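Let me begin by presenting the structure, written as structure tokens, before commenting on it.
Quick caveat, the model's predicted, so the values are computed rather than measured. Position 1 is the first residue of the sequence; numbering continues from there.
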Amino acid sequence: MALSSRYALDTTAVLAGGFLAVSAMAFSAPIAGWLGFGVSTGVAVLAATGAVFAHRTGQKAGHGLLALVGLWSLIAALVFSGTALTWLVFADALGIVLFALADLTAHELTTERVVHQLDVRTDTAVPASMTNSLAA
């Protein structure tokens with residue numbers, strides 16, 4: 001079983017947003033701003049790439065929204081300063097986590113729906129080769 005690129009991207013975005021939320025509160029505003037710029041740029045580029053190469057409309061929408069949040073975050077990190085920057089980096093980090101978790105939930109719901117729609121059929125007849133090996 002292969003790892004879904006959608007799952008990998010969303011999990012990376014959740015971890016990046018969590019890191020950014022902690023960093024916004026732990027470091028000074030200029031450091032948090034540059035960390036916000038770097039992490040948000042990475043999230044925006046990954047999500048935009050995921051949106052471009054996605055096959056389904058829902059996946060394109062989820063990655064597109066995540067890319068927009070990342071884009072806003074990196075612009076906000078360059079425009080604002082001081083206390084406003086600290087709180088914007090924190091809020092943007094929570095936004096990244098929120099959209100990534102929403103996309104992960106959408107992914108898992110579609111996966112669960114497919115799994116629950118499978119119809120399992122068992123064959124009650126035992127092949128002759130099996131009956132010979134069972135008797136021995």
Side-chain angles (χ1 to χ4, degrees):
M1 180 161 77
L3 179 66
S4 166
S5 60
R6 185 176 184 182
Y7 177 81
L9 175 73
D10 290 335
T11 303
T12 303
V14 167
L15 292 174
F19 168 75
L20 202 53
V22 171
S23 297
M25 293 295 121
F27 298 116
S28 65
I31 304 264
W34 284 112
L35 283 172
F37 174 75
V39 171
S40 298
T41 301
V43 168
V45 167
L46 285 174
T49 304
V52 167
F53 291 113
H55 298 291
R56 296 187 197 122
T57 306
Q59 190 173 359
K60 284 182 185 279
H63 290 330
L65 287 172
L66 190 59
L68 284 175
V69 171
L71 184 63
W72 159 250
S73 298
L74 74 92
I75 291 170
L78 294 175
V79 172
F80 294 97
S81 63
T83 308
L85 176 63
T86 300
W87 287 106
L88 274 173
V89 169
F90 181 73
D92 293 339
L94 294 181
I96 288 172
V97 169
L98 176 76
F99 278 100
L101 284 175
D103 196 35
L104 266 176
T105 302
H107 174 257
E108 290 302 315
L109 287 176
T110 56
T111 304
E112 285 295 318
R113 187 177 70 227
V114 169
V115 170
H116 286 296
Q117 288 179 349
L118 287 176
D119 185 25
V120 180
R121 296 181 183 158
T122 58
D123 190 14
T124 57
V126 178
S129 61
M130 291 292 292
T131 57
N132 292 339
S133 64
L134 292 175

Decide whether Phe99 and Leu104 are clustered together by the hydrophobic rule: side chain heavy atoms of Ile, Leu, Val, Met, Phe, Trp, Tyr closer than 4.5 Å, transitively. no

Side chain to side chain contact (heavy atoms under 4.5 Å, CB included) assessment of Gln59 paired with Ser5: CA-CA 10 Å; Gln59 190 173 359; Ser5 60; 4.3 Å; yes

Any chain of hydrophobic side-chain contacts (each under 4.5 Å) joining Val45 to Val69? no

Looking only at heavy atoms, what is the nearest atom pair of Ser40 and Gly70, with distance? CB-O, 3.5 Å

Closest non-hydrogen contact found for Val52 with Lys60 is O-NZ, 3.7 Å

Taking atom CD1 of Ile96 and atom OG1 of Thr12, what is their separation to the nearest 0.5 Å? 12.0 Å

Under 4.5 Å between side-chain heavy atoms, hopping through other hydrophobics if needed: is there a path connecting Leu94 to Leu88? no

If hydrophobic clusters are built from ILVMFWY residues whose side chains come within less than 4.5 Å, do Phe53 and Tyr7 share one? no

Report the C-alpha distance between Val39 and Trp34 in whole Å, list the side-chain angles of each, state the deciding distance to 0.1 Å, and finish with yes or no for side chain to side chain contact (heavy atoms under 4.5 Å, CB included). CA-CA 9 Å; Val39 171; Trp34 284 112; over 6 Å; no

Minimum heavy-atom distance Gly33-Ala77, with the two atoms named: O-CB, 3.4 Å

Identify each donor-acceptor pair in which a side-chain atom of residues 13-32 lies under 3.5 Å from a protein atom, sequence neighbours left out, and give them as a table.
residue	atom	partner	partner atom	Å
Ser23	OG	Phe19	O	2.8

Residues clustering with Leu46 (ILVMFWY side chains joined when closer than 4.5 Å, directly or via others): Leu9

If hydrophobic clusters are built from ILVMFWY residues whose side chains come within less than 4.5 Å, do Phe80 and Phe37 share one? yes

How many angstroms lie between CG in Leu98 and CG in Leu66, if you round to the nearest 0.5 Å? 10.0 Å

Sequence neighbours left out, what pairs pass salt bridge (charged side-chain N to carboxylate O under 4.0 Å, His left out) with at least one residue falling in residues 85-107? Arg6-Asp103

